[in-house]
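Let me begin by presenting the structure, written as structure tokens, before commenting on it.
Letters A, B, ... are given to chains in the order of the sequence lines, protein chains preceding strands, and every chain is numbered from 1.
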Amino acid sequence: NAGVTQTPKFQVLKTGQSMTLQCAQDMNHNSMYWYRQDPGMGLRLIYYSASEGTTDKGEVPNGYNVSRLNKREFSLRLESAAPSQTSVYFCASSRTRLGYYQPQHFGDGTRLSIL
Amino acid sequence: DAKTTQPNSMESNEEEPVHLPCNHSTISGTDYIHWYRQLPSQGPEYVIHGLTSNVNNRMASLAIAEDRKSSTLILHRATLRDAAVYYCILRADGGATNKLIFGTGTLLAVQP
């Protein structure tokens with residue numbers, strides 16, 4: 001099973017360029033998430049989607065937009081990239097079962113550098 | 001949101017048990033304690049979680065203090081593959097999305 005697949009794995013952008021990070025999961029999960037991880041730090045939630053058609057802001061949403069294209073896919077867009085957005089971006093997904101914790105499954109990340 | 005405190009780093013020898021501590025003195029009654037780990041150049045992976053009772057699974061054991069202000073992740077026989085950053089996380093949201101708030105975790109080094 002592929003699990004959570006992120007593309008691309010690496011990308012270098014110039015300041016001001018735009019880019020969309022792609023994420024797809026094949027586990028039929030309802031919830032999907034985007035995190036960023038800066039060097040030496042833990043992950044911070046950017047946006048999440050509890051179900052197809054819904055999205056909500058996390059801790060650090062400024063400078064990003066998201067689209068939950070369908071149940072499988074959740075994309076993250078940088079409209080005008082800034083050097084402060086240089087980071088490793090992780091996508092995750094989980095089942096949704098109210099009242100019960102469902103572990104999140106993570107992709108291997110997209111390493112994004114903005115010059 | 002309740003916070004967790006973990007040592008920045010720990011070392012262990014291969015095939016020996018490892019006890020990774022986590023303090024969470026402001027934990028609320030409904031907070032679950034979760035552990036994830038992140039291997040080098042990979043995304044985090046779920047390890048274990050619990051509420052009040054000790055928990056065991058194929059990867060590890062979780063020992064929770066009676067007052068729930070601290071917990072310990074136990075790896076019974078460390079292997080080189082267990083070298084990773086281990087995150088102790090309290091569930092941030094009781095709703096449907098299971099949002100997680102990661103701290104900086106404990107970097108575990110395993111010596112052969």
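With a 4.5 Å cut-off on non-hydrogen atoms, Q37(A) touches chain B through its side chain but not through its backbone. Looking at L45(A), the atoms closer than 4.5 Å to chain B (heavy atoms on both sides) all sit in the side chain, from C-beta outward. Contacts of R44(A) with chain B are absent, with no heavy-atom separation under 4.5 Å from either backbone or side chain. Looking at S41(B), the atoms closer than 4.5 Å to chain A (heavy atoms on both sides) sit in the backbone and in the side chain alike.
Both V66(A) and Y89(A) are members of a single hydrophobic cluster when ILVMFWY side chains are connected at heavy-atom separations under 4.5 Å. Under the 4.5 Å side-chain contact rule for hydrophobic residues, I74(B) and Y86(B) do not share a cluster. Each of Y33(A) and Y64(A) belongs to its own hydrophobic cluster when Ile, Leu, Val, Met, Phe, Trp and Tyr are linked at side-chain heavy-atom distances under 4.5 angstrom. Hydrophobic clustering places V18(B) together with L80(B) (ILVMFWY residues linked when any side-chain heavy atoms are closer than 4.5 Å, directly or through intermediates). The cluster map of Ile, Leu, Val, Met, Phe, Trp and Tyr, joined by side-chain heavy atoms under 4.5 Å apart, puts V60(A) and Y48(A) in different clusters.
Around atom CG of N8(B), no more than 12 heavy atoms belonging to other residues, nucleotides or ligands sit under 6.0 Å away. In R77(B), the CZ atom is not crowded: 12 or fewer heavy atoms of neighbouring residues, nucleotides or ligands sit closer than 6.0 Å.
Between chain B and the residues V88(A), L43(A), N30(A), the largest count of heavy-atom pairs under 4.5 Å involves L43(A).
Counting heavy atoms from C-beta on, the side chains of Q104(A) and Y36(B) come closer than 4.5 Å.
Taking both residues in full, the closest heavy atoms of Y46(B) and P103(A) are given as CG-CB, 3.5 Å, listed atom of the first, atom of the second, then distance. Pairing each heavy atom of Q38(B) with each of F90(A), the nearest pair is NE2-CZ, 3.5 Å.
Remark: side-chain polar atoms of Y35(A) are not paired, donor with acceptor, to backbone N or O of F102(B) under 3.5 angstrom.
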